[in-house]
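The basis for the numbers below is simple: all heavy atoms, side chains too, and nothing from hydrogens, waters or symmetry mates. Lettering of chains follows the sequences in order, A, B, ..., and the numbering in each one begins at 1.
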2 protein chains.
Amino acid sequence: MSNDPPGFELPLRLFLGFRVLIDELHAELARQGHPHARPMHGFVMQAIGIEGTTAVELGRTLGVSKQAAGKTIETLERLGYVERARDPRDTRRKIVRLTPSGVDVLVRSARIFDELRARWAAVIGDERLRELETDLRKVTPPDVFRLDVPGWFGA
Amino acid sequence: MSNDPPGFELPLRLFLGFRVLIDELHAELARQGHPHARPMHGFVMQAIGIEGTTAVELGRTLGVSKQAAGKTIETLERLGYVERARDPRDTRRKIVRLTPSGVDVLVRSARIFDELRARWAAVIGDERLRELETDLRKVTPPDVFRLDVPGWFGA
DNA sequence: CTAAGATAGACAACGTCGTTGTCGTTAATA
DNA sequence: TATTAACGACAACGACGTTGTCTATCTTAG
């Protein structure tokens with residue numbers, strides 16, 4: 001079709017859509033008492049999960065070195081979102097667990113994302129939004145955690 | 001609706017869609033003789049444009065400091081994608097211009113993006129893809145250049 | 001049971017890429 | 001003509017990733 005938009009618009013719109021949602025999420029999180037939460041933190045805490053994990057395991061999940069995962073954990077610890085404790089059954093391991101504050105971020109994020117999704121539905125229509133999600137699922141990989149965001153874009 | 005997906009899936013799908021397109025672009029660019037092109041470079045070269053620009057101007061366009069823009073320009077210069085020359089009418093300024101190799105990257109990128117878009121159209125349907133783009137335009141800002149990708153996601 | 005190997009995490013050194021601050025040169029302006 | 005503003009270069013610093021090394025601990029082969 002000659003009236004199709006140029007192909008480079010599609011990736012930009014996808015990224016901008018992502019960026020808009022994440023920015024609005026964090027603006028709202030800041031209003032709700034979590035001004036220090038950064039985009040990365042939500043993903044990392046989701047990867048940590050309710051059961052907890054270790055630095056090595058987290059690194060594998062996120063696709064970064066254990067040292068990088070360790071540094072991220074330190075940051076989250078300083079913010080009070082996670083805490084570390086020795087594993088009694090393997091004293092080498094240190095289990096990283098979400099604090100109530102960390103869980104609170106995840107709970108609020110889930111609710112905010114639902115609200116943002118509803119706002120999009122109000123703009124483009126409920127059916128169209130469902131179609132958009134269905135279509136995106138067809139062209140994206142099923143595994144959702146290996147974002148590899150850090151450094152991937154860099155020069 | 002109770003059978004709506006959780007709201008957090010939407011941003012992930014948007015980002016994964018972006019990532020898939022960019023990754024495939026650069027795999028193809030590498031095959032076509034540009035193995036060193038990185039995701040950022042395309043955006044930066046697009047921002048430089050055919051007419052050329054300066055470090056200060058580029059920094060403003062991209063939303064980074066002039067020093068950061070200068071370093072990116074150095075990298076592109078080392079890769080042979082841009083070259084610098086003094087502006088005869090203002091000897092303070094150094095005009096950054098795309099080399100034929102840099103233009104080649106942009107031309108090939110445009111063609112590859114069109115092909116990738118066609119591939120998506122084959123998967124989800126031509127009409128649905130147009131709707132997807134239309135819908136995304138409604139929920140994203142019109143200005144497309146201030147991606148602010150570097151550092152934005154960071155901890 | 002013990003010795004060898006593997007694994008968890010801490011620490012250090014380094015590279016990249018962004019930032020701010022400073023400075024000399026050159027334009028624009030009062 | 002003197003002051004102010006802008007461009008680009010250089011240096012120092014911080015954030016965040018990497019690899020390498022080290023100790024402590026667990027696992028496993030002999």
Side-chain angles (χ1 to χ4, degrees), chain A residues 19 26 36-45 47-48 51-79 81-97 145-155, chain B residues 36-45 47-48 51-79 81-97 145-155:
Chain A
R19 201 186 193 303
H26 283 86
H36 298 301
R38 303 279 301 115
M40 252 209 66
H41 300 162
F43 287 99
V44 173
M45 289 194 278
I48 290 172
E51 314 190 353
T53 183
T54 68
V56 169
E57 210 175 302
L58 182 61
R60 271 198 255 277
T61 304
L62 299 176
V64 300
S65 66
K66 61 178 182 176
Q67 291 88 340
K71 290 182 187 181
T72 304
I73 290 170
E74 269 181 49
T75 304
L76 290 174
E77 200 175 21
R78 230 180 304 119
L79 292 173
Y81 291 141
V82 305
E83 58 193 359
R84 278 186 285 190
R86 288 235 162 257
D87 184 339
R89 292 181 310 192
D90 183 344
T91 51
R92 292 172 310 179
R93 304 178 73 217
K94 277 186 155 180
I95 310 284
V96 182
R97 278 200 197 75
F145 257 119
R146 295 289 293 267
L147 292 183
D148 291 358
V149 180
W152 161 77
F153 201 82
Chain B
H36 298 301
R38 305 277 303 113
M40 252 208 66
H41 299 163
F43 287 99
V44 173
M45 289 194 279
I48 290 171
E51 313 190 354
T53 182
T54 67
V56 169
E57 210 175 301
L58 181 61
R60 270 198 256 276
T61 304
L62 299 177
V64 299
S65 65
K66 61 179 182 175
Q67 292 88 340
K71 290 183 187 181
T72 303
I73 289 170
E74 269 181 48
T75 303
L76 290 174
E77 198 174 23
R78 232 180 302 119
L79 291 172
Y81 290 141
V82 306
E83 57 193 0
R84 278 186 286 191
R86 288 240 163 253
D87 184 339
R89 291 182 310 192
D90 183 343
T91 50
R92 293 172 307 177
R93 302 190 355 136
K94 275 187 156 179
I95 309 285
V96 182
R97 279 200 196 76
F145 257 118
R146 295 290 293 266
L147 292 182
D148 291 358
V149 180
W152 161 78
F153 200 82

Any [X] side-chain N or O less than 4.0 Å from OP1/OP2 of [N]:
X: A:Lys71; N: D:dT18; result: no
X: A:Arg89; N: D:dT27; result: no
X: A:Thr72; N: D:dA15; result: no
X: A:Arg60; N: C:dA8; result: yes
X: A:Thr54; N: C:dG9; result: yes
X: A:Ser65; N: D:dT19; result: no

Task: Base D:dA24 paired with A:Arg92 side chain (donor-acceptor, <3.5 Å) - done: no

- [ ] Confirm from the modelled atom types if A:Lys66 and C:dG9 form a donor-acceptor pair under 3.5 Å, side chain to base only.
- [x] yes

Task: Given D:dG8, D:dA9, C:dA27, the nucleotide with the shortest approach to the side chain of B:Arg84 - done: D:dA9

TODO: Counting heavy atoms from C-beta on, name the nucleotide in D:dG8, C:dG9, D:dT25 closest to the side chain of B:Val56.
DONE: D:dG8

Task: Residue whose closest nucleotide on DNA chain D lies nearer the 5' end, A:Pro88 versus A:Gln67 - done: A:Gln67

- [ ] Would you mind telling me which residue lines up with the more 5' stretch of DNA chain D, A:Asp90 or A:Ala68, judged by nearest nucleotide?
- [x] A:Ala68

Rounded to the nearest Å, what distance is computed from the [atom1] atom of residue [X] to the [atom2] atom of nucleotide [N]?
X: B:Ile73; N: C:dT16; atom1: CD1; atom2: C1'; result: 17 Å
X: B:Arg78; N: C:dG15; atom1: CZ; atom2: P; result: 14 Å
X: A:Arg86; N: C:dT7; atom1: CZ; atom2: C1'; result: 13 Å
X: A:Leu79; N: D:dA15; atom1: CG; atom2: P; result: 13 Å
X: A:Lys94; N: D:dT23; atom1: NZ; atom2: C1'; result: 14 Å
X: B:Glu57; N: D:dA6; atom1: CD; atom2: P; result: 14 Å
X: A:Leu58; N: C:dT7; atom1: CG; atom2: P; result: 18 Å
X: A:Asp87; N: C:dG9; atom1: CG; atom2: P; result: 9 Å

TODO: Check A:Arg84, A:Arg97, A:Lys94 against A:Glu77 for a salt bridge (Lys or Arg N to Asp or Glu O under 4.0 Å) and give me the one that passes.
DONE: A:Arg84

TODO: Quick one: closest heavy-atom pair of B:Ile73 and B:Ala55, and the distance?
DONE: CD1-CA, 3.8 Å

Open item on the list: Has A:Arg86 got a side-chain atom pairing as donor or acceptor with A:Arg92's backbone, closer than 3.5 angstrom?
Closed with: yes

Open item on the list: Any non-hydrogen side-chain atom of B:His41 less than 4.5 Å from a side-chain atom of B:Arg38?
Closed with: yes

Task: Any side-chain heavy-atom pair of B:Ile48 and B:Leu76 under 4.5 Å - done: yes

